Amino acid sequence: MVEFDLSEKRIWVAGHRGMVGSAICRRLGEMGCEVVTAGRDQVDLVRQSETEAWIADTKPDVIFLAAAKVGGILANDTYPADFIYENLAIELNIIHSAYQAGVEKLIMLGSSCIYPRLAPQPIAEDALLTGPLEPTNEWYAIAKIAGIKLCQAYRKQHGCDFISAMPTNLYGIGDNFNLETSHVVPALIRKFHEAKVSGAETVTVWGTGKPRREFMYADDCADALVHLAQHYSDMSHVNVGVGQDVTIKDLASTVQQTVKFEGEIVYDTSKPDGTPRKLMDTRLLNSLGWTPKTSLEQGLSQSYEWFLSQES
Ligand code: GDP
């Protein structure tokens, strides 16, 4: 297995304010690495010259490319131009500048939505580009597929050690708890908590409760990404997940127990279920010696604690 020592390296985490970026900073901090970050006021990653200048001046040895424009189904569907433009621009600017500056290692982050809508489950890396994408987030997906291809092209033509990782549905510290734009885990934490506080008798969960989803705690994801930076160097992107999924109904009852809400759960079937199942095949990641550490129960309780700390 590849051994890439991060200990003496200067590491730039692009997107350090996001849920994954901040988890990567925590993980690298525990390891005593030198981490550099840049706020949007210092460098706008959509602007090529600013990005080039930042990389040339800062001279990072390693880059975690966790900067992206992200959002739920509604945001993706409403602002397709913003999603495709900003994500393509960030990837082009960072990856090309990293090549010019001789960056030793770059890890680009994508998402499981790069895969065809009806990919066989669990979804293996080679399902990429075998069928049509989910139309609601294809703009984001196309930009992330381009990111994978950029890493591959710079590896092929210039020998750059650029890799890409595709995390599953993430939740955790720093999550978005806005009910309009959030994903299901933070939405349910907030709904159950507010129902408990107000003494409501029911909590409404969207859809039928039957869809299955895989959920990964963001700090586990960060740990896997750091592991890949240390031990992986190849063309293929790598799925990052826990290898197991649960129904939304199971998730809802686990969140209910975490929050200690004593009322009933009702399902609003006028809301969409979305894809019936989205489970990643994580054999490649596991074969590199990484397995998840945080159970769904532990992760949910840590997320709830963080949510409470933000409330007060
Ligand atoms: P997806 O994985 O791209 O479908 O994104 P989401 O995390 O938004 O939704 C996952 C599943 O959870 C879907 O079947 C939703 O209908 C369901 N769900 C149930 N209640 C909620 C909720 O309050 N908010 C969200 N976002 N999803 C919910």
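In listed order, ligands and their atoms are each counted from 1. None of these values were measured; they are calculated from a predicted model. Note: hydrogens, waters and symmetry copies are ignored here, and every other heavy atom, side chains too, is used.
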Count the heavy atoms of every other residue, nucleotide or ligand shown that sit under 6.0 Å from [atom1] of [X], and state whether that count exceeds 12.
X: Gln310; atom1: CD; answer: yes
X: Glu30; atom1: CD; answer: yes
X: Lys249; atom1: NZ; answer: no
X: Tyr99; atom1: OH; answer: no

Under 4.0 Å from any heavy atom of [X], which atoms of ligand 1 are there?
X: Asn169; result: 2 (O)
X: Ala187; result: 22 (C), 23 (O), 24 (N)
X: Lys278; result: 2 (O), 3 (O)

Lys/Arg N to Asp/Glu carboxylate O, Lys293 vs Asp220, below 4.0 Å =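 A salt bridge is absent here (no side-chain N lies under 4.0 Å from a carboxylate O).
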
ask   = If you measure from the Lys or Arg side-chain nitrogens to the Asp or Glu carboxylate oxygens, is any gap between Lys9 and Asp61 under 4.0 Å?
value =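 Judged by the 4.0 Å cut-off on N to carboxylate O distance, Lys9 and Asp61 do not form a salt bridge.
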
request  = Verify whether one side chain among Asp234 and Ser236 offers a donor that lies under 3.5 Å from an acceptor in the other.
outcome  =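 The criterion, which ignores hydrogens and geometry beyond distance, is not satisfied for Ser236 and Asp234.
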
inquiry  = Ignoring hydrogens and geometry beyond distance, is a side-chain donor-acceptor pair present between Asn176 and Thr181 at under 3.5 Å?
reply    =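 Yes, a side-chain donor-acceptor pair sits under 3.5 Å.
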
task = Going by heavy-atom distance to atom 15 (C) of ligand 1, choose the closest among Gly207, Gly274, Pro211, Pro272.
result =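 Shortest heavy-atom distance from atom 15 (C) of ligand 1: Pro272.
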
task = Closest by any non-hydrogen atom to atom 19 (C) of ligand 1: pick that one out of Trp206, Tyr267, Tyr171.
result =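 It is Trp206 whose heavy atom sits nearest to atom 19 (C) of ligand 1.
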
ask   = Is the His183-Tyr171 ring centre distance short of 6.0 angstrom?
value =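 Aromatic pair excluded; centres sit 6.0 Å or further apart.
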
To the nearest 0.1 Å, how far is [atom] from its closest protein heavy atom, and which atom is that?
atom: atom 9 (O) of ligand 1; value: Val184 CB, 4.0 Å
atom: atom 13 (C) of ligand 1; value: Asp273 O, 3.4 Å
atom: atom 1 (P) of ligand 1; value: Arg213 NE, 3.7 Å
atom: atom 5 (O) of ligand 1; value: His183 ND1, 3.6 Å
atom: atom 23 (O) of ligand 1; value: Lys191 NZ, 2.7 Å

ask   = Hey, does Ser182 come in under 3.5 Å of ligand 1, counting only N/O atoms on both sides?
value =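 Yes; at least one N/O pair falls below 3.5 Å.
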
request  = Using distance alone, determine whether Ile248 and ligand 1 share an N or O pair under 3.5 Å.
outcome  =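 Between Ile248 and ligand 1, no N or O pair is found under 3.5 Å apart.
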
task = Mind checking whether Leu179 contacts ligand 1 via backbone (N, CA, C, O), side chain (CB onward), both or neither, at a 4.0 Å heavy-atom cut-off?
result =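 The answer is neither; Leu179 stays 4.0 Å or more away.
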
query = Side chain, backbone, both or neither: which part of Lys271 comes within less than 4.0 Å of ligand 1 when only heavy atoms are counted?
reply =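 Neither part.
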
request  = Find out whether the Lys NZ or Arg CZ of Lys69 is both under 6.0 angstrom from the six-membered ring centre of Phe83 and within 45° of the ring's axis.
outcome  =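 Yes, a cation-pi geometry.
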
Within-shell test, Thr275 vs ligand 1, heavy atom, strictly < 4.0 Å =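 No, Thr275 has no heavy atoms under 4.0 Å from ligand 1.
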
